[in-house]
Amino acid sequence: MAKYPNITHSAIADRIFVTAASTPLVLNTTSSSAELAQRLGLRLVDDWSEQADQVHVFYEGDRLVIGLPPVNREHPVAVDFELALRNRHPGKELLIKAVGGSRNRASVVDATAGLGRDSFLMASHGCTVTMCERMPVVAALLADGLRRAKGADECFEIAERMGLHQGSALDFLTGLAEDDCPDVVYLDPMFPVSGKSALVKKEMRLFHSLVGLDEDSDALLDVALQRARHRVVVKRPPKAPYLAERKPQLSVAGKAVRFDIYPLKAFAK
């Protein structure tokens, strides 16, 4: 079977976003591939598709990854919490300020988990985080990343504060008992990407291709405001309109991102 050549890391998801076939294939690389295909309800194939834009899900060593055929000369994408830990910049995270700071050790539902980087960041600052992801392929990537993080000495303690719910965040939040409602609900809904958005991170383009836009994000905000104990935080591009045209009480913003904050009840001091 063809291997990825020795190349520099490039924006695989840019190509996926533009041209990828809509349904991924599971590439048969290990004895676990058949079970993966059955679990995800995807077709198992023994070799790369001749279509250069066909997305494949497969095991690369001990990692579950998603990628394009080697002709694209692009490395696959995985959930990598160990890398996220190495790339942390302590003291500079606007997100931590938005969710109430490290001292509150909040319980958080990340209703739009994606690759889990924001969830991991919150957990690394003491939050207990439940990640919700309704797309089965993305949820499988998250589960695999969490498994590896729990086996790594430097990530184990952080990963123990993280959990995963595969399914609708709306259903998850609605079904919580009153005593189980989180301190914070965090939303990072998909946002339309223009053709000029060369600087959009590759995972964002990947997820646009796999799951499309979050067309229920307005309803999710409504439910989040009902179920969060202390606040709802919404991540947006700096110049984007407010989600559901609902103006937040306050925002914290940087050059690349804005966090809109909807306080409900002050944290105990």
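Numbers for residues simply follow the sequence, beginning at 1. These numbers come from the heavy atoms of this one structure, side chains and all, not from hydrogens, waters or symmetry mates.
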So, the side chain of [X] versus the backbone of [Y]: is there a donor-acceptor pair under 3.5 Å, distance only?
X: Arg148; Y: Glu82; answer: no
X: Asn72; Y: Ala52; answer: yes
X: Arg258; Y: Pro238; answer: yes
X: His56; Y: Gln54; answer: yes

Mind checking the [atom1]-[atom2] spacing from [X] to [Y]? Nearest 0.5 Å is all I need.
X: Met135; Y: Thr112; atom1: CE; atom2: OG1; answer: 15.5 Å
X: Tyr262; Y: Leu250; atom1: OH; atom2: CG; answer: 10.5 Å
X: Phe156; Y: Lys150; atom1: CZ; atom2: NZ; answer: 8.0 Å
X: Tyr59; Y: Ser33; atom1: OH; atom2: OG; answer: 7.0 Å
X: Ser32; Y: Asp62; atom1: OG; atom2: CG; answer: 11.5 Å

Any carboxylate oxygen within less than 4.0 angstrom of a Lys/Arg side-chain nitrogen, looking at [X] and [Y]?
X: Arg134; Y: Asp216; result: yes
X: Arg227; Y: Glu178; result: yes
X: Asp222; Y: Arg246; result: yes

Problem - Between Asp260 and Tyr242: side-chain donor-acceptor atoms closer than 3.5 Å - result: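 Short answer, no.
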
